[in-house]
**Q** 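Structure below; questions to follow.
Counting convention: from 1, in listed order, for ligands and their atoms alike.
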Amino acid sequence: MSEKLIYLDNAATTRVSKAVADKMADAMTVGFYNPSALYARAVDISTDIRRMRSDISSALHAPDGELYFTSGGTEANNTALFCTRKPKGSRIIVGMGEHDSVFAPANELKAQGYDVQFAPINTNGTVDVAEFEKLLNDKVSLVSIMHASNETGGINDIGALVRLVRRVSPNAIFHSDGVQAVCKIPVNVRSLGVDLYSMSAHKFHGPKGIGALFVKKGTSIKPLLYGGGQEKGMRSGTESYPSIVGFAEAMRNGVASNLENNYSKMSQYREYLLQKLATEIDDIAVITNMNNFVPNVLTVAFKDVRGEVLLHSLEKHGILVGIGSACSSHHESRFKSLLGLDARHKDGIVRFSMSEENDISEVDFVVEKIKQELAVLTKFRRV
Ligand code: PLP
């Protein structure tokens, strides 16, 4: 096993940054008080949580007091789908390419008797707007469309989709899963016009197990967890102060100071990687086109090879890549069949996902190793 590590699976998760880990360690050992306790030290923790909630909100242009901490993206998405109040049997529209933490709740709501419709996607993983429009009627109570795709990095024009929905069904609730968008592109929940927006800290160098759901004031939603009344009664349970500290610090590093720099660094990396792959490797299918995509994802399909076989071959050289949604890699990605790839490419999908920790000097080595491994793996598969 190679000692060198080139980590290109940042859409699955990222390394917790040193600054985040240090602050969290302090929060655990010094700021360990229960934020609901009455003595001053605990009140300070509670005040600090309020401040961080407000900082995260303003990074997303969300008004103060409309952000609820969750255990991550999955919980935020489940809350959006299950806890919103919807007339029995009403129509729910969900993108065909949504993450399983939206897709599986949608199937459950279907089993409960809702009229759940899945909006088809284009070959770049974003919703087909014309097909989406056909699904709208005045019985739509909830729509859930992701901001950026975890499989391709494609960005949906959420603002335009919200406007289409409002025209036909003004009271419908619009949720967007922003897990792959936050800290990758500027996010302004107010101008997007969404009612609900999910995020997860471990996608941008924060800790796992913490995320948030933005809930616009006036949205009809009930609590997920009942108990001590934390999170304004939306989600009871002692707040995870260290996780919130880590979330806020990661967000501060990702959005407040570095979004533009990181964007251009990751875009340059992606462009160079694509250029090298396209010129040096025979006949790849590029799934991520270069317009309207988050800067950190490049998904391509190699010919005559299985993505997971190539993944393991690259691992021997210390190169870690993804083959799509890590959270569902134990079963065949539903996504694969939607991309319209031919028989020789359809099993060869590989997702390279960068963070600002990657350096463009890695690319030559990565492409050289891909070439080397493909030469062996495809030797006997050529027809
Ligand atoms: N939504 C998207 C688009 C994701 O990519 C992920 C994780 O891969 C999730 C939701 C789930 O987030 P979490 O791991 O915080 O539960």
**Q** For Met146, counting its heavy atoms only, list the atoms of ligand 1 lying under 4.0 Å from any of them.
**A**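 Close to Met146: 3 (C).
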**Q** Can you list the ligand 1 atoms lying under 4.0 Å from a non-hydrogen atom of Ser200?
**A**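 In order of number, 13 (P), 15 (O).
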**Q** Answer yes or no: is there a donor N or O on one side and an acceptor on the other, between the side chain of Thr84 and the main chain of Ile221, under 3.5 Å?
**A**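 Checking the backbone N and O of Ile221 against the side chain of Thr84, no donor-acceptor pair under 3.5 Å is found.
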**Q** Checking Asn258 against Tyr263: is there a side-chain donor and acceptor pair closer than 3.5 Å?
**A**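 Side-chain D/A pair, Tyr263 to Asn258: absent.
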**Q** Can a donor-acceptor pair be found between the side chains of Glu271 and Gln275 at a distance below 3.5 Å?
**A**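 Per modelled atom types, Glu271 and Gln275 side chains form no pair under 3.5 Å.
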**Q** Side-chain donor-acceptor pair under 3.5 Å between Thr13 and His202, yes or no?
**A**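 On atom types as modelled, these side chains qualify, holding a pair under 3.5 Å.
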**Q** Scan residues 133-147 for pairs that pass salt bridge (Lys or Arg N to Asp or Glu O under 4.0 Å), counting only residues two or more places apart or in two chains.
**A**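 Every pair satisfying salt bridge (Lys or Arg N to Asp or Glu O under 4.0 Å) with a residue in residues 133-147: Glu131-Lys134.
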**Q** Using a 4.0 Å cut-off to any heavy atom of Gln180, which atoms of ligand 1 qualify?
**A**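 Listed by number with element: 3 (C), 4 (C), 5 (O).
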**Q** Specify side chain, backbone, both or neither for Glu75, according to which of its non-hydrogen atoms lie closer than 4.0 Å to ligand 1.
**A**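 It is neither; nothing of Glu75 touches ligand 1.
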**Q** Between Ile210, Thr74, Val179, Asn77, flag the one that comes closest to atom 11 (C) of ligand 1 by a heavy atom.
**A**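 Checking each option, the heavy atom nearest atom 11 (C) of ligand 1 is found in Thr74.
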**Q** With a 6.0 Å cut-off on ring centres, are Phe103 and Phe118 close enough?
**A**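 Centroid distance Phe103-Phe118: below 6.0 Å, so yes.
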**Q** What atoms of ligand 1 come closer than 4.0 angstrom to any heavy atom of His202?
**A**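 Reading through ligand 1 atom by atom, the close ones are 13 (P), 14 (O), 15 (O).
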**Q** Could you tell me if any non-hydrogen atom of Gly211 lies under 4.0 Å from any atom of ligand 1?
**A**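 For ligand 1, residue contact (heavy atoms, under 4.0 Å) with Gly211 is absent.
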**Q** Counting each atom of ligand 1 from 1 as listed, which ones have a heavy atom of Lys203 under 4.0 Å away?
**A**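 Heavy-atom distances to Lys203 below 4.0 Å select 5 (O), 6 (C), 7 (C), 8 (O).
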**Q** Find the distance between CD (Glu308) and CG (Asp347) and round it off to the nearest 0.5 Å.
**A**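 CG of Asp347 is found 8.0 Å from CD of Glu308.
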**Q** For ligand 1, which is the ligand I care about here, please tell me if Asn150 has any N or O atom under 3.5 Å from one of the ligand's N or O atoms.
**A**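 The answer is no, given that Asn150 and ligand 1 share no N or O pair closer than 3.5 Å.
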**Q** Would one find an N or O of Gly73, backbone or side chain, under 3.5 Å from an N or O of ligand 1?
**A**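 N/O-N/O distance below 3.5 Å exists for this pair.
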**Q** State the atoms of ligand 1, each with its element, that fall below the 4.0 Å cut-off from a heavy-atom position in Ser101.
**A**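 Checking each atom against Ser101, I get 10 (C).
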**Q** Counting only heavy atoms not in Arg15, do more than 12 fall under 6.0 Å of its CZ?
**A**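 At most 12 heavy atoms, drawn from other residues, nucleotides or ligands, come within 6.0 Å of this atom.
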**Q** For Lys23, check salt bridge (Lys or Arg N to Asp or Glu O under 4.0 Å) against everything at least two apart and list the hits.
**A**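 Counting only residues at least two positions away or on another chain, Lys23 forms a salt bridge (Lys or Arg N to Asp or Glu O under 4.0 Å) with Glu249.
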**Q** Provide the number and element of each atom of ligand 1 under 4.0 Å from a heavy atom of Gly72.
**A**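 Answer for ligand 1: 15 (O).
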**Q** When you look for heavy atoms under 4.0 Å from ligand 1, do you find them on the side chain of Lys208, its backbone, both, or neither?
**A**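 Neither; no heavy atom under 4.0 Å.
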